[in-house]
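These numbers come from the heavy atoms of this one structure, side chains and all, not from hydrogens, waters or symmetry mates. Since this is a predicted model, take the numbers as computed values, not measurements. Both counts, for ligands and for their atoms, begin at 1 and track the order of listing.
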Amino acid sequence: MRILVTGGAGFIGQNFVRYLQARRPDHSIVNLDKLTYAADREFVEAPAAGPGYQFVQEDICRLEKVREIARGVDAIVNFAAETHVDRSILDPGSFIQTDVYGTFALLEVVRELGIRRFVQVSTDEVYGSTEGGAFSEASPLNPSNPYSASKAAGDLMAFAYWRTHRLPVLVTRSSNNFGPYQYPEKVIPLFITNALDDLPLPLYGDGRHVRDWLYVMDNCAAIDLVLHRGREGEVYNIGGGHELPNIELTRRVLALLGKPESLIRHVADRPGHDRRYALDCRKLHALGWRPTHAFDDALAETVRWYQDHEAWWRPRKAGAFQEYYRRQYGELA
Ligand code: NAD
Ligand code: DAU
């Protein structure tokens, strides 16, 4: 199988490329990424990628270029997106461009070239927030912020192509991922790296918001399963089954690092902050998937990874990131 992975220089995308290289050596991979601020240039420049691997710097919105690159591929797995909720509140334009228009451009390429499989990597955020119970794949979409609204629009476009053109579309909606190579704007790597520097950890609002944590390699295994065994025209929820209020997550990170809870700062809440995400994943369980990484072990391993990879994260928190940090966190920065 020849697979076009878009956004394969980002956090989940690069872990997915590694997953495929380890588990499916018969597959060849084209990694297409625009290399935005969130991308890992070191990963795409690494010669370790192997013979069945090629990297192309490109924007998924440039349909003509993508069509050329996609010629001869059997499947596309679309990770490419603007992904940070706080940035979508500050500057939503690029989210609409990439997450909506970019998804449309890829669907057009799939239609024109007759590509056999298109996996749209989406998010549990499209369902919005729930105080009780869990969202199934049939739950209505109710996004709260420009990021999740743009992802929901991408999902709807994918299903419009399934209904209209019978395009072989599959959508995954996962909960919050964590693990190595996550850009340090997201809460777990931000809090680990701030704590390592004895900087305050900016906890939004009362800190009682709940996320369901999923180790990135479990997500990669699920996406791989959906790519190979999922049913076209279907959505698959992917949840870690490990819900935690943010304050509890923060305490665990600090405990793992041996840092004091006095580093926690309650700051103004994120506008439109979803209170809780929770997923019913029985559909994916029926396909044979279960998370295999215990949360506490995976969190400890992730903390260790950031402790051991200061040379990776420190440059990513310098330069333009500092500007963003000041804009987002104001006087705390
Ligand atoms: P990320 O921000 O770490 O990486 C995104 C990658 O996409 C970057 O390498 C970036 O350069 C690339 N990209 C952005 N715009 C592009 C464009 N126009 N053309 C080509 N490449 C472009 O994101 P992530 O956390 O790895 O998320 C990957 C996907 O998974 C996204 O679609 C996201 O919505 C989804 N998702 C993420 C999570 C999570 O917890 N991180 C959870 C559920 C779903
Ligand atoms: O649920 C899946 C989604 O998870 C993905 O679709 C998104 O791409 C990904 O960014 C993530 O979104 P969240 O908004 O849930 O992740 P984030 O790491 O930004 O925040 C997690 C929780 O921590 C959330 O309740 C907000 C809170 N938080 C976050 C930051 C960055 C803080 O309290 N302080 C912070 O500084």
Side-chain angles (χ1 to χ4, degrees), residues 5-16 31-41 43-44 56-62 65-66 77-89 94-95 97-99 101-103 105-106 120-127 129 143-145 147-148 150-151 154-155 172-179 181-191 194 200-214 216 219 223 238-240 244-247 249-250 264-270 273-279 325 328-329 332:
V5 176
T6 65
F11 162 51
I12 307 176
Q14 68 169 282
N15 278 297
F16 185 69
N31 181 357
L32 181 158
D33 197 295
K34 183 180 175 183
L35 298 184
T36 69
Y37 78 93
D40 192 341
R41 286 166 188 265
F43 174 69
V44 299
V56 190
Q57 182 172 5
E58 192 47 82
D59 183 338
I60 58 166
C61 300
R62 301 213 306 169
K65 298 283 184 192
V66 178
V77 184
N78 179 31
F79 292 93
E82 291 293 338
T83 62
H84 193 39
V85 171
D86 294 324
R87 289 188 195 252
S88 83
I89 295 168
S94 60
F95 288 74
Q97 182 65 15
T98 290
D99 303 5
Y101 184 86
T103 304
L106 292 175
Q120 169 69 358
V121 177
S122 188
T123 169
D124 61 358
E125 292 208 17
V126 297
Y127 299 119
S129 187
S144 304
N145 57 66
Y147 161 69
S148 49
S150 70
K151 291 296 289 186
D155 289 15
T172 64
R173 294 186 180 140
S174 90
S175 61
N176 284 62
N177 284 221
F178 69 104
Y181 303 102
Q182 187 169 32
Y183 191 82
E185 64 190 352
K186 306 284 164 49
V187 76
I188 288 184
L190 179 72
F191 282 13
N194 274 17
L201 312 190
L203 192 60
Y204 295 154
D206 63 4
R208 306 298 312 168
H209 303 79
V210 172
R211 295 293 181 267
D212 168 19
W213 291 99
L214 171 68
V216 64
N219 190 20
I223 292 169
I238 310 172
L244 216 53
N246 293 335
I247 180 73
L249 173 73
T250 308
I264 299 172
R265 293 284 188 290
H266 285 274
V267 297
D269 209 350
R270 169 187 280 175
H273 195 175
D274 287 328
R275 195 67 177 165
R276 174 174 171 265
Y277 299 140
L279 290 175
Y325 200 77
Q328 176 63 23
Y329 298 101
L332 197 70

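Each of the following atoms of ligand 2 lies closer than 4.0 Å to a heavy atom of H84: 19 (O). Set against the non-hydrogen atoms of T123, the atoms of ligand 2 under 4.0 Å away are 1 (O), 2 (C), 3 (C), 5 (C), 6 (O). Contact atoms of ligand 2 toward D124: 1 (O), 2 (C) (distance under 4.0 Å to a heavy atom of the residue). Taking every heavy atom of P202 and a limit of under 4.0 angstrom, the matching atoms of ligand 2 come to 32 (C), 33 (O), 34 (N), 35 (C), 36 (O). Under a 4.0 Å criterion applied to the non-hydrogen atoms of F191, ligand 2 contributes the atoms 34 (N), 36 (O). Atoms of ligand 2 lying under 4.0 Å from any heavy atom of V85, numbered from 1 in the order shown and given with element: 14 (O). Near L190, meaning under 4.0 Å from any of its heavy atoms, are these atoms of ligand 2: 36 (O). Per-residue contacts place E185 under 4.0 angstrom from the following atoms of ligand 2 (heavy atoms of the residue considered): 31 (C).
Taking the six-membered ring for Trp, F11 and F79 have ring centres at least 6.0 Å apart. Not less than 6.0 angstrom separates the ring centroid of Y181 from the ring centroid of F43.
Closest to atom 34 (O) of ligand 1, if we only count protein heavy atoms, is Y147 OH, 2.6 Å. Among protein heavy atoms, atom 38 (C) of ligand 1 sits closest to I12 CD1, 3.7 Å.
Here K186 does not pair with D86 in a salt bridge; the nearest charged N to carboxylate O distance is not below 4.0 Å.
The option with the heavy atom closest to atom 6 (O) of ligand 2, from among F178, Y147, Y277, F11, is Y147. One option in Y325, W213, Y204 has a heavy atom closer to atom 32 (C) of ligand 2 than any other, and that option is Y204. Residue T83 holds the heavy atom nearest to atom 27 (O) of ligand 1 of all those in T83, N15, D124.
Classification of the Y204-H273 ring pair by plane angle, with boundaries at 30° and 60°, yields perpendicular.
A heavy-atom separation below 4.0 Å is found between S122 and ligand 1.
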